[in-house]
Amino acid sequence: MSAVERTTSAADRIEELRREIAHHDHRYYELDDPEIGDDAYDALIRELRELEAAHPELVTPDSPTQRVAGRPLDRFEQVRHAEPMLSLANARGAEEFRAWEARLHNRLRSLDIEPEELRFVSEPKIDGLAISLTYRAGTFVRGATRGDGVIGEDVTPNLRTIDDIPARIDDGAELVEVRGEVYMPRSAFAELNERRAAAGEPTFANPRNSAAGALRQLDPKVTAERPL
């Protein structure tokens with residue numbers, strides 16, 4: 001196969017992967033109804049990254065590798081984040097982790113920081129819906145989803161129904177932004193699905209999508225009924 005043929009073949013596969021990933025992004029982020037698991041999705045992203053690394057001339061700004069997945073929904077007021085809300089990267093295996101560590105060391109050295117004394121801390125990741133909470137003079141004034149990382153959805157009324165989100169921060173600074181995840185514990189998710197099944201209602205696929213769907217309800221009363 002000639003170089004031109006290899007490039008053409010790679011371009012075709014890249015376009016196919018982008019379409020497939022866009023489909024699954026839509027199912028996951030906007031419909032809260034995924035068709036494949038995280039491992040299968042990550043494999044698609046990994047293949048796309050490898051092809052784009054081998055053919056950098058085929059990388060485009062709208063590629064899934066160049067942006068945060070998801071986009072703000074039209075039914076909510078849109079919010080521009082003061083700073084972009086970026087997604088986490090994955091490292092599946094020791095080789096990918098060491099490659100990330102090497103990039104981190106190189107970045108620190110470029111800032112004249114010697115990284116030899118670094119130590120790592122690991123903790124479980126809660127899989128929920130990324131949100132940003134804005135407090136002014138200690139009062140909660142706005143909550144937004146990540147959206148595409150730059151523009152999110154204003155879901156403040158729904159977030160106010162979650163007891164774990166304080167309405168005020170004592171002695172808060174003039175402006176405070178808190179970022180985290182809205183999630184549903186597995187035990188609460190199981191109980192919710194049992195109630196829905198008993199009532200003849202469709203059950204949810206997983207806790208993450210159940211939490212995301214609850215937070216995107218137009219009626220905050222529905223959100224308040226979910227154990228977020």
Side-chain angles (χ1 to χ4, degrees), residues 18 20-42 44-46 48-49 60-91 100 123-136 140-167 169 175-185 189 204-220 222-224 226-228:
R18 288 173 180 170
E20 188 171 356
I21 291 168
H23 168 76
H24 291 303
D25 282 347
H26 176 68
R27 300 286 309 187
Y28 187 94
Y29 290 101
E30 296 166 36
L31 301 183
D32 301 315
D33 185 22
E35 292 179 337
I36 61 175
D38 289 348
D39 287 347
Y41 179 85
D42 289 343
L44 295 174
I45 290 287
R46 185 162 52 249
L48 179 58
R49 284 201 180 102
T60 60
D62 62 345
S63 173
T65 63
Q66 306 300 307
R67 58 179 173 78
V68 175
R71 62 179 178 84
L73 301 182
D74 295 335
R75 59 186 179 178
F76 293 104
E77 182 180 348
Q78 295 188 355
V79 172
R80 178 174 291 274
H81 299 298
E83 295 289 339
M85 291 187 70
L86 305 179
S87 59
L88 298 176
N90 292 326
W100 168 81
E123 60 185 32
K125 178 187 180 296
I126 294 174
D127 192 18
L129 184 69
I131 60 163
S132 166
L133 309 177
T134 300
Y135 290 80
R136 293 191 179 276
F140 174 46
V141 295
R142 190 181 72 192
T145 64
R146 182 173 65 189
D148 64 3
V150 177
I151 303 293
E153 307 144 354
D154 188 335
V155 289
T156 305
N158 292 350
L159 289 169
R160 291 188 189 278
T161 71
I162 301 176
D163 292 337
D164 288 331
I165 296 178
I169 298 176
L175 176 63
V176 176
E177 182 181 358
V178 181
R179 291 180 174 183
E181 303 264 332
V182 169
Y183 70 98
M184 186 177 296
F189 170 72
F204 295 110
N206 56 58
R208 187 270 171 200
N209 293 97
S210 179
L215 200 58
R216 287 182 167 121
Q217 293 293 323
L218 294 179
D219 184 356
V222 178
T223 306
R226 305 285 172 81
L228 301 177

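Basis for what follows: all heavy atoms, side chains included, without hydrogens, waters or symmetry-related copies. We number each residue from 1, following the sequence as shown.
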Heavy-atom check, side chain of N206 versus side chain of D127, under 4.5 Å: no

T223 side-chain N/O to L215 backbone N/O, donor-acceptor pair under 3.5 Å: no

Check: T145/E153 side-chain N/O donor and acceptor closer than 3.5 Å: yes

R208 side chain reached by L129 side chain, heavy atoms, under 4.5 Å: yes

Interatomic distance, I151 atom CD1 to M85 atom CE [nearest 0.5 angstrom]: 12.5 Å

Over 12 non-hydrogen atoms of neighbours within 6.0 angstrom of CZ in R136: no

Whether over 12 other heavy atoms sit under 6.0 Å from R80 CZ: no

Partner set under ring-ring contact (aromatic ring centres under 6.0 Å, His included) for Y135, not counting sequence neighbours: F140

Nearest-0.5 Å distance, OG of residue S87 to CG of residue D148: 11.5 Å

Atom CG of D163 with >12 non-hydrogen neighbours under 6.0 angstrom: no

Inter-residue atom distance R142.CZ - E177.CD, 0.5 Å rounding: 8.0 Å

Heavy-atom closest contact (H81 atom, A144 atom, distance): CE1-CB, 4.1 Å

4.5 Å side-chain heavy-atom contact, E35 and H23: yes

R160 and I165, any side-chain heavy atoms less than 4.5 Å apart: no

Salt bridge (charged side-chain N to carboxylate O under 4.0 Å, His left out) against E20, all qualifying residues, sequence neighbours excluded: none

Closest non-hydrogen atom pair, F204 against F189: O-CZ, 3.5 Å

Nearest atoms (heavy-atom pairs only) where P185 meets P227: CD-O, 3.6 Å

M184 to S210 - nearest heavy-atom pair and separation: CE-OG, 3.3 Å

OH on Y183 to CD1 on I162, rounded to 0.5 Å: 10.5 Å

Straight-line distance of L228 CG to N158 CG, nearest 0.5 Å: 9.0 Å

Side-chain (N209) to main-chain (P34) donor-acceptor, under 3.5 angstrom: no

Residue of the set V176, I169, L159 for which side-chain contact (heavy atoms from CB on, under 4.5 Å) holds with L133: L159

